[in-house]
Amino acid sequence: MKIAVIVFPGSNCDIDIYEALSSVCGADVDYVSHKQASLAGYDAVMLPGGFSYGDYLRAGAIARFAPVMKAVVKMAHAGQPVFGTCNGFQILTEAGLLPGGLKRNDSQQFICKTVPLEVVNNQTLFTSQYQEHERIALPIAHADGSYYADQATLDELEANHQVVFRYAEENPNGSLRNIAGITNRQGNVLGMMPHPERAVEAILGNTDGRRLFESLLANGSVKVEE
Amino acid sequence: MKQAMTPEEIKEKKPYLDWSLSEDEYNYISEKLLGRLPNYTETGLFSAMWSEHCSYKKSKPVLRLFPNKNARVLQGPGEGAGVVDIDDGQAVVFKAESHNHPTTVEPYQGAATGIGGILRDIFSMGARPVASLDSLHFGELDNNTTRMKVTGTVRGIGDYGNCMGIPTVAGETTFDPCYQGNVLCNAMSVGLMDQKDIQKGKAAGIGNAVMYVGAKTGRDGIHGATFASADFSDENATQRSAVQVGDPFMEKLLLEACLEVITKHPDWLVGIQDMGAAGIVSSSAEMASEGKSGMELDLDLVPQRETGMSAYEIMLSESQERMLLCVNKGHEEDVKKIFDDYDLDAVTIGRITAGHQYVLHHDGQVVCDIPVASLTDDVLEEASEEKKPARITKAEGQPAWRPQITNAEEALRRLLQQSTVADKQCLYQQYDSQVRTCTVVGPGSDAGVIRVRGTKKGLAMTTDGNGRFVYLSPKVGGKIALVEAACNIVAAGAEPLAITDCLNYGDPNDPEIFWELHQSVQGMADACRALDTPVISGNVSLYNENNGHAIHPTPMVGMVGLIKDIDRVVPSFAQHAGDHVYLIGKTADDFAGSELQKMVQGDISGALNDVDLDRIHDNLRHLLSEMQAGHVASAHDLSEGGLGVALSETLFKTDLGMDLDLRDLTAAQLFSETPGRLVVTVPEEQVAVFEKSLGDNAKHIGTVTNTHWLEAHLADAEVNQNVTELQRLWEEALPCQLKSKD
Amino acid sequence: MTKVRIFVTYKPSVFDPQGDTIKKTIHALGHDEVADVQVGKFFDLTIDAQVDQVAKTVKEVAEKLLVNFNMETYTYQVMEEN
Amino acid sequence: MTKVRIFVTYKPSVFDPQGDTIKKTIHALGHDEVADVQVGKFFDLTIDAQVDQVAKTVKEVAEKLLVNFNMETYTYQVMEEN
Ligand SMILES: Nc1ncnc2c1ncn2[C@@H]1O[C@H](COP(=O)(O)OP(=O)(O)O)[C@@H](O)[C@H]1O
Ligand SMILES: [Mg+2]
């Protein structure tokens with residue numbers, strides 16, 4: 001399985017996700033520039049965290065126009081795995097690949113800490129190695145992570161099991177229905193605010209994120225049935 | 001700016017006095033250096049370059065006291081940042097910088113651009129910044145002005161550093177009335193590099209290009225450099241509008257582009273320097289001086305954001321996110337291509353010339369033609385008057401203050417809620433401390449620790465400074481600053497390597513303040529020698545005053561240590577019930593300047609006892625080797641609030657407790673702040689070898705329990721406190737004090 | 001050249017914590033007469049076109065870029081023309 | 001009740017990196033006719049007072065809270081009254 005990590009101007013967790021996949025999980029990974037128009041040859045694509053275009057205007061709003069995004073959309077529609085964390089999640093919603101959007105945190109502050117999460121859906125490409133309802137803890141680091149969608153969309157997300165991670169115990173940013181991560185309807189596009197790539201090595205004090213990447217690698221580009 | 005005056009008008013009307021150039025200096029420049037009257041632009045350039053901020057004309061004699069070499073130092077003071085060998089062909093690069101005046105005026109942008117500036121210093125050396133630290137000192141949290149300054153400053157540091165993707169892994173935050181009108185915001189950054197990539201701020205080679213890269217020039221911070229050297233007063237308030245705005249997104253691109261040129265195309269580059277204070281003039285003149293070259297620049301080529309800028313404004317603008325490169329002739333287009341790729345300006349604005357003249361063209365005219373050295377090397381050093389303050393002589397003759405503690409438990413509970421002691425999580429959680437996934441220990445311990453990817457090594461880092469101690473006894477206070485930093489580094493299991501510093505003082509023209517500067521630097525220098533931690537970089541910030549009230553003299557020490565085996569990092573929290581608790585270092589009656597004194601008396605007074613540097617160094621060495629051998633489970637150094645606070649902190653965030661026999665200490669001594677002490681916990685199996693190595697420098701004081709109670713038996717009191725409750729007081733204090741009350 | 005001002009706000013159904021915080025702070029300052037606060041952004045665009053042609057530019061720029069229709073909405077106003 | 005809109009913008013000489021980046025993006029989208037972009041914030045205050053009394057409230061709230069005079073400046077406009 002060959003994986004692309006997209007580098008936008010202002011991405012800064014690109015190295016983190018690259019290393020998590022490559023040195024920790026032994027995957028075949030490349031950095032791919034935002035200017036590249038094609039993702040031919042890649043089986044999966046990662047949109048990293050950071051501040052693409054400085055988060056000027058809105059987080060993710062400008063990155064969605066990068067040349068590479070057409071190829072990302074194409075892969076998403078083809079059912080190949082597309083993953084975005086933090087700024088990557090914001091870009092996926094701005095690009096319309098995931099419903100809803102991310103607002104400024106209720107506290108109006110950037111917040112960096114490790115929070116408890118519930119794995120709500122372990123039937124996805126990205127979560128098959130977790131238990132259903134398993135409690136894990138992952139770091140968050142964002143100022144714009146408050147998930148918003150209208151009631152109908154929220155109901156639909158729940159009905160289709162598209163809510164994959166929920167904040168457990170405390171809601172750090174004001175997300176509706178404690179949503180921390182969702183997939184698209186087909187289940188091949190996952191966006192989440194927490195950073196699994198920061199939790200893959202014991203030396204950094206947390207390995208709860210590792211199974212996300214291992215799930216992806218184990219499932220390859222197997223399509224999850226709708 | 002006013003309409004340019006003729007040289008004769010300048011001589012007559014002396015506008016340079018407002019720009020902080022003295023009449024003697026002006027005369028020396030006209031008569032000795034130029035042999036003619038300087039024109040308007042030249043006068044402006046001299047004013048900026050001869051300011052304390054750029055020239056260190058007052059502080060230089062004092063800075064010479066610092067040792068700055070040892071076997072590991074590859075680059076000492078003088079470049080963008082210092083460089084230290086960490087083996088395997090790698091090096092660590094670090095420096096600290098103050099942004100006190102800009103932060104006082106406009107906390108958010110001041111702090112943000114402070115981070116931006118220090119990061120440029122690191123990558124201009126060819127290193128990738130891997131961690132930042134911040135040392136903040138505010139007025140008391142009893143008024144909304146301080147609250148807004150804290151909020152703005154922390155947000156500024158966070159927004160810039162987070163966007164850049166550089167983790168902020170440690171720092172310090174203190175509160176004292178002396179900083180009410182003049183906040184201190186010192187930022188430190190640490191970078192990693194291969195030794196082969198080390199760059200210099202140097203311009204040489206006749207015909208080589210001087211290239212300007214990065215953001216466009218506007219009228220930001222004009223006179224910032226000279227402004228930083230002039231005392232604040234509230235009447236000045238309206239003049240302070242040339243706020244420099246940070247653009248971290250631009251800086252992220254600049255960082256990547258510069259590192260690409262440096263690491264991939266070393267043959268293109270002669271030198272590189274960031275544009276900091278006094279913008280283009282200081283970077284270009286310093287580079288030319290370093291290369292012993294002449295330089296000619298055409299200011300019309302400088303990318304500009306505003307129209308109608310004068311030569312003076314272009315040269316002195318402090319617009320952020322700009323760098324100056326000296327590029328081998330023929331490679332200008334190559335360099336430009338790389339910067340184009342990042343959507344950044346890269347423009348050749350001049351050339352290296354034969355001879356030693358610094359020549360500027362603007363609007364078809366030569367606006368400056370002076371020897372390079374006259375701006376950089378010929379600055380008149382100033383001998384300053386010194387006088388020992390009467391308050392110190394008086395304090396030395398008086399008996400020391402002895403606290404009467406009738407309720408030790410209450411004293412401990414109150415101390416944990418003092419803003420300087422209380423938990424800082426509500427501040428540092430606004431910083432991304434984990435990006436780059438190398439942070440092994442983030443904020444909330446003694447030192448921040450990052451791993452060096454691809455090796456077994458780690459780096460520990462800390463910033464420490466305590467203005468109260470330095471104010472009471474400058475020389476001893478200077479020593480304590482080093483001792484505290486070293487204890488924090490060793491507590492993580494790291495070997496102290498070297499330091500950077502920010503020297504924050506009041507107006508040096510006041511002989512008492514200069515005496516404080518001199519004495520405290522002497523104390524720091526003595527401690528640097530004793531601990532073998534040379535000074536490899538630093539920064540001086542003088543004139544920290546508001547309406548004539550100086551801050552406490554506050555030298556900040558930024559120390560970096562090396563961890564040979566990252567798996568042997570020692571946490572600052574107790575690990576297992578049954579481990580033995582030791583106190584390293586002897587406790588004396590050290591209450592002058594303590595948190596306890598401030599809390600009880602409302603103010604500080606007295607004289608400090610001297611510290612035995614060799615003894616402390618010896619203790620730290622032995623402790624470190626025990627830690628490296630894996631014999632120590634946790635270590636935490638003692639600072640504000642002494643042993644009582646340190647013991648509590650060792651138990652916070654665990655579910656453990658301690659049962660301690662402290663019968664040779666009084667209740668008051670539980671809060672004494674004798675420097676150079678640590679609390680360590682040692683597993684039962686290691687006790688014998690640990691005790692043998694530390695001898696009577698480590699005193700067994702009890703054991704770790706699994707009750708989550710802190711129980712201590714003192715000579716004249718009992719402490720029996722639920723740790724959950726103590727932790728709650730400690731955690732809730734700062735968020736509560738930060739809430740607006742009026 | 002035509003100057004237009006595009007106003008972007010959250011849709012009424014979207015909770016805006018910032019407006020809320022500001023209202024509370026205003027009350028703390030003693031201005032209880034302020035009954036409600038809404039916060040928005042605006043973009044002043046200088047467009048090299050006649051006023052009758054700017055509508056298309058505004059619509060495209062706003063709807064593609066400036067506004068996130070999941071939670072935001074916009075209005076605009078021509079400010080000056082010459 | 002009077003409704004006022006307070007506009008806060010950077011002072012003219014202050015560098016606005018956001019406006020710059022947005023302009024570049026608009027050009028990349030093909031709208032070269034957009035010659036300049038300036039970004040600002042606005043606050044809609046509903047004030048329980050007659051229109052002739054709101055000036056004082058606006059001045060105090062803006063100057064104490066909403067505007068950072070180091071870099072920003074403001075204007076306001078009465079939107080409606082009833
Ligand atoms: N402004 C800040 N930025 C980052 N970390 C901070 C800041 N202020 C305090 N901290 C962290 O809080 C903890 C306590 O700080 P401090 O009391 O100064 O430690 P010490 O007394 O051991 O030097 C440390 O881990 C420090 O890194
Ligand atoms: Mg400490």
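- The candidate with the highest count of non-hydrogen atom pairs below 4.5 Å against chain D, out of C/V8, C/V39, C/L66, C/T57, is C/T57.
- Proximity to chain C at a heavy-atom threshold of 4.5 Å picks out D/I22, D/T25, D/I26 from residues 17-27 of chain D, in numerical order.
- Using a 4.5 Å cut-off between heavy atoms, D/V54 does not touch chain C at all.
- Counting non-hydrogen atoms of neighbouring residues, nucleotides and ligands closer than 6.0 angstrom, the NZ atom of C/K59 reaches no more than 12 such neighbours.
- A side-chain donor from one of C/E63 and C/Y74 sits under 3.5 Å from a side-chain acceptor of the other.
- Residue C/Y76 comes nearest to C/F7 through the heavy atom pair CA-CD1, 4.4 Å, listed as atom of the first residue, atom of the second, then distance.
- Within the structure, salt bridge (charged side-chain N to carboxylate O under 4.0 Å, His left out) contacts touching residues 25-37 of chain D (residues at least two apart or in different chains) do not occur.
- For the pair D/E60 (side chain) and D/K56 (backbone), a donor-acceptor distance under 3.5 Å is absent.
- Applying the salt bridge (charged side-chain N to carboxylate O under 4.0 Å, His left out) criterion to D/K64, with sequence neighbours excluded, gives no partner residue.
- Interface remark: D/I6 contributes no atoms to any contact with chain C (heavy atom separation under 4.5 Å).
- Checked against salt bridge (charged side-chain N to carboxylate O under 4.0 Å, His left out), C/D44 has the following partners two or more places apart in sequence or in another chain: C/R5.
- For a residue to count as touching a neighbouring chain, one of its non-hydrogen atoms must lie under 4.5 Å from one of that chain's; by this rule D/A49 does not touch chain C.
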